[in-house]
Amino acid sequence: MKRFGIEVDVKNRPALDPEFMPILKFNRSFLETAKKPVSLAVERADGQMASCHTFIHGTSEMADADHYYVNRLVKTILWMKGGYKVYVAGDEGVYQYLKKAFSDGDEQDFDYHYMSDVFEHPFEVVLCDQVPEAKDAPKAMGGHLEGCRIGFDAGGSDRKVSAVIDGESVYSEEVVWYPKTTADPDYHYDGIVAALKSAAEHLPRVDAVGVSSAGVYINNRTMNASLFLKVPKDLFDAKVKDIYIRAITDTFGDIPFEVVNDGDVSALAGTMSLGEPNVLGIAMGTSEAVGYVDSEGRITGWLNELAFVPVDAQPDAMEDEWSHDIGCGVKYFSQDSVIKLAPRAGIILDEALSPAEKLKAVQARMAEDDEAAAQIYTSIGTYLGHTLAYYYDLYSCRHVLLLGRVMSGKGGDIILTEAQRVLADEYPELVGKILPSLPDEKFRRVGQSAAAASLPEIL
């Protein structure tokens, strides 16, 4: 396989997508012949910085390969860690290319506008002599069990709340709601407050509140979240950015609280159930939701939006309808991947069905040991084996918990088995270093809302 003159050797290929070109394989082949040093850094909230020292070819003949490589690298850093300012040192051509690519109306227009909105700062690319050093601010968060706590988990179709006393759940409830289709932010606020009050009725007092919610949260503020998809921007800015802060302080006054992305809370629940840190949680459902707890058991505050991180370097990779980019995780590790691969396996799904219903149709066939359905899950497992090697490159994660509807039932077992086989066969150096697994009963008992309750520290 070849891309931009770079020869990429892939031994294990998905049966239903044989042109799949793992981004890690492309990067390694590219770097074998790239000798010109280039440094990149991305600035994010509160002066935090991600930095990377790498190489390009720096010749006119290899300009397309160089541009593709740095484009995918910068995009990966942006969606893994977040940021609004890209520093470039070592090559003015790379700077000029990135400045144009990550701009309004150009090829990375989506990234440009998304990051500007999230960090409330104009996105920019700057040339410098030396990029700033990496700087992170991970927080020791979660695992606090003492006291009377409330954990709230905001999902797209239901909201869950738990009342917890000294680590034991004494009450929990699950209520159906419709946040994604509601434009009035007071609906969301009232739902959050109702859940908090319901849990509080089962506690002698409320010492702290932890919130798990889909979206991007910085300093407990909602910067972007699909839960509030229909809320107009002016109302989002006025009522949603501080919605959890208002709901908690209006209800309980000045108490400790934390608002954290639901993917990170899943990883935290994994850490609590495993009894070990350094956990990457990957939930394959409507999208690819990811969270990470580092080797010290801390939540990093990174975006971890791996749905938008490139995993496939083939030129004909499927386009994501939202970002209009190709080859990104959402089309490989969500229900979209099952739907994409179904016709290639000879399974024709009724177009009148919703994406969730299409997934259920394939799962029903898999429950009957249908060979065509098995091919879909085996192909996703091959994707995953290659991509877990890449995620290890990014995170050095020891444990990977595989969650979500796509991983349920027999199909999930096939995905895990195939991913483990590909890792062992194609990346033997990682055997024993990265341990993918499905959640056990202990993880399920911890629960998302109960894990959220453990987020704040009571001082």
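Every value quoted in this text rests on a predicted model; they were computed, and no experiment measured them.
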Which pair of heavy atoms, one from F119 and one from A45, lies closest together, and at what distance? CE2-N, 3.7 Å

First locate atom CG of L73, then atom CD1 of I77, and finally report the distance between them rounded to the nearest 0.5 Å. 4.5 Å

As a quick check of understanding, evaluate side chain to side chain contact (heavy atoms under 4.5 Å, CB included) for V74 and V86, giving each step before the final call. CA-CA 8 Å; V74 168; V86 179; 4.1 Å; yes

Would you say N261's side chain and A214's backbone share a donor-acceptor pair under 3.5 angstrom? no

Test log, rule side chain to side chain contact (heavy atoms under 4.5 Å, CB included), inputs Y187 and Y178: CA-CA 9 Å; Y187 169 86; Y178 306 96; 3.9 Å; yes

Is H188 reaching over with its side chain to a backbone N or O of V240, donor-acceptor style, under 3.5 angstrom? no

Does some side-chain heavy atom of V279 sit less than 4.5 Å from a side-chain heavy atom of C397? no

Mind checking whether F123 and Y84 have ring centres under 6.0 Å apart? no

Carefully, step by step, assess N304 and Y395 under the rule side chain to side chain contact (heavy atoms under 4.5 Å, CB included). CA-CA 10 Å; N304 298 316; Y395 288 91; 2.7 Å; yes

Check this for me, if you would: do E258 and K139 make a salt bridge, where the nitrogen-to-carboxylate-oxygen distance has to be below 4.0 angstrom? yes

Look at the side chain of S379 and the backbone N and O of Q375, then say whether any donor-acceptor pair between them is shorter than 3.5 Å. yes

Looking at F102, is K75 sitting on its ring face, NZ or CZ under 6.0 Å from the six-membered ring centre and within 45 degrees of the normal? no

Determine, using ring centers only, whether F26 and Y68 are less than 6.0 Å apart. yes

How far apart are the C-alpha atoms of T286 and R405, what are their side-chain angles, what is the distance that settles it, and do they pass the side-chain hydrogen bond (donor to acceptor under 3.5 Å, both in side chains) test? CA-CA 8 Å; T286 305; R405 290 189 302 274; 3.1 Å; yes

Whether the E429 and Y427 side chains hold a donor-acceptor pair (N or O, under 3.5 Å, no angle test) is what I'd like checked. no

CG (D393) and OH (Y390) are apart, to the nearest 0.5 Å, by 7.5 Å

Does any N or O in the side chain of D370 come within less than 3.5 Å of the main-chain N or O of A373, such that one atom is a donor and the other an acceptor? yes

List the atom of A65, the atom of I6, and the distance in Å for their closest heavy-atom pair. CB-CG1, 4.3 Å

Under 3.5 Å, is there a donor-acceptor pair between the S213 and Y217 side chains? yes

Show, in sequence, the C-alpha distance, side-chain angles and deciding distance for Y112 and D104, and conclude whether the side-chain hydrogen bond (donor to acceptor under 3.5 Å, both in side chains) test is met. CA-CA 7 Å; Y112 170 85; D104 182 30; over 6 Å; no

Do R221 and E120 sit within salt-bridge range, that is, some charged N less than 4.0 Å from a carboxylate O? yes

Salt bridge check: are D158 and K160 linked by an N-O gap of less than 4.0 Å? yes

Would you compute the distance between atom OG1 of T387 and atom CG of L24 and round it to the nearest 0.5 angstrom? 9.0 Å

If only side-chain N and O atoms count, and only distance matters, is there a donor-acceptor pair under 3.5 Å linking Y377 with D413? no

Do we see a donor-acceptor contact under 3.5 Å between the side chains of E7 and S29? no

What I want to find out is whether R3 reaches E19 closely enough, with some N-O distance under 4.0 Å, to be called a salt bridge. no

In chain order, what residues pass the side-chain contact (heavy atoms from CB on, under 4.5 Å) check against D294, with sequence neighbours excluded? P138, Y292, E296, R298, T300

Ring center gap for H57 and F30 short of 6.0 angstrom: yes

Side-chain H-bond candidate by donor/acceptor type, Q314 with D316, under 3.5 Å: no

Counting only heavy atoms not in K340, do more than 12 sit closer than 6.0 Å to its NZ atom? yes

Is it true that E418 and R421 have a side-chain N and a carboxylate O under 4.0 angstrom from each other? yes

Which of these, D312, D320, D336, sits in a side-chain hydrogen bond (donor to acceptor under 3.5 Å, both in side chains) with K331? D336

Side chain of R44, backbone of G301: donor and acceptor closer than 3.5 Å? yes

Quiz question: by atom type and distance under 3.5 Å, do the side chains of S198 and Y171 form a donor-acceptor pair? yes

May I ask you to say whether D325 pairs ionically with R72, meaning some side-chain N is under 4.0 Å from a carboxylate O? yes

Can S408 and Q363 be counted as having a side-chain donor-acceptor contact under 3.5 angstrom? yes

Would T222 and Y244 count as having a side-chain donor-acceptor pair, cut-off 3.5 Å? no

If we ignore hydrogens and angles and just use 3.5 Å, is the side chain of N278 paired with the main-chain N or O of S396 as donor and acceptor? yes

Is any side-chain N of the basic residue among K81 and D136 closer than 4.0 Å to the acidic one's carboxylate O? yes

S354 side chain to E357 main-chain N or O, any donor-acceptor pair under 3.5 Å? yes

Is any NZ, NE, NH1 or NH2 atom of the basic residue among D9 and K25 found under 4.0 Å from an Asp or Glu carboxylate oxygen of the other? no

Any idea which heavy atoms bring D264 and G291 closest together, and the distance? OD1-CA, 3.2 Å

Angle class for the F308/Y114 ring planes (parallel below 30°, perpendicular above 60°, tilted otherwise)? tilted

Could you go through V70 and V88, starting from their C-alpha distance and side-chain angles, then the distance that decides it, and tell me whether this counts as side chain to side chain contact (heavy atoms under 4.5 Å, CB included)? CA-CA 10 Å; V70 296; V88 182; over 6 Å; no

Return the CD1 to CG distance between I434 and L388, rounded to the nearest 0.5 Å. 5.0 Å

Salt-bridge criterion met for D17 and R344 (N-O under 4.0 Å): yes

How far does CD1 of I282 sit from CG of L401, to the nearest 0.5 angstrom? 9.5 Å

Hey, could you give me the CD1/CD1 distance between I347 and I339, rounded to the nearest 0.5 Å? 12.0 Å

Is it true that H113 and D117 share a donor-acceptor pair across their side chains at a distance under 3.5 Å? no

Give a yes or no on whether a salt bridge exists between D186 and K239, defined as a side-chain N under 4.0 angstrom from a carboxylate O. yes

Any donor-acceptor pair under 3.5 Å from S287 side chain to V330 backbone: no

Between the side chain of T382 and the main-chain N/O of T378, is any donor-acceptor distance below 3.5 Å? yes

Is there a donor-acceptor contact under 3.5 Å from the side chain of S162 to the main chain of V164? no

Presence of salt bridge, E107 and K100, under 4.0 angstrom: no

